[in-house]
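These numbers come from a predicted model, not from an experiment. Residues: numbered from 1 along the sequence shown.
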Amino acid sequence: MKRREFIILLGGAAASWPFGARAQQPALPEIGFLSSGSADAFANRVRVFRQSLSEAGFDEGRNVTIE
């Protein structure tokens, strides 16, 4: 490979790097809850937990994921 072709290739890669970096979305924090009981038994606690997260500035789907 000639020197000029190498410099052009290297310059093109350097110019396109920021576009690829901006395309990636940051990962959302994910909160999970595991239990051997039924979901109905914890419905009130989960509702209060989600309400408290919302009051603290965490909105499900926007900046946090709850599983």
Side-chain angles (χ1 to χ4, degrees):
M1 182 180 267
K2 294 182 182 177
R3 181 178 173 199
R4 183 173 297 199
E5 292 171 347
F6 177 77
I7 292 172
I8 291 172
L9 177 67
L10 188 63
S16 66
W17 181 315
F19 297 115
R22 278 189 231 134
Q24 296 176 355
Q25 298 295 325
L28 292 177
E30 187 170 335
I31 300 171
F33 178 75
L34 297 175
S35 174
S36 61
S38 69
D40 295 332
F42 295 98
N44 189 39
R45 291 180 185 165
V46 171
R47 181 184 55 79
V48 171
F49 179 72
R50 286 183 172 170
Q51 180 182 359
S52 299
L53 277 176
S54 180
E55 290 171 1
F58 293 100
D59 295 322
E60 186 174 2
R62 188 173 60 93
N63 56 5
V64 71
T65 303
I66 300 173
E67 293 290 332

Give every donor-acceptor pair under 3.5 Å between a side-chain atom in residues 37-44 and any protein atom, sequence neighbours left out.
from	atom 1	to	atom 2	distance (Å)
Asn44	OD1	Arg47	NH2	2.6

Pairing residues for Arg45 by the salt bridge (Lys or Arg N to Asp or Glu O under 4.0 Å) criterion, not counting sequence neighbours
none
List the atom pairs, donor and acceptor, that lie under 3.5 Å between side-chain atoms in residues 53-67 and the rest of the protein, sequence neighbours left out.
from	atom 1	to	atom 2	distance (Å)
Asp59	OD2	Arg62	NE	3.2
Asp59	OD2	Arg62	NH2	2.8
Asn63	OD1	Asp59	N	2.7
Asn63	ND2	Gly57	O	3.0

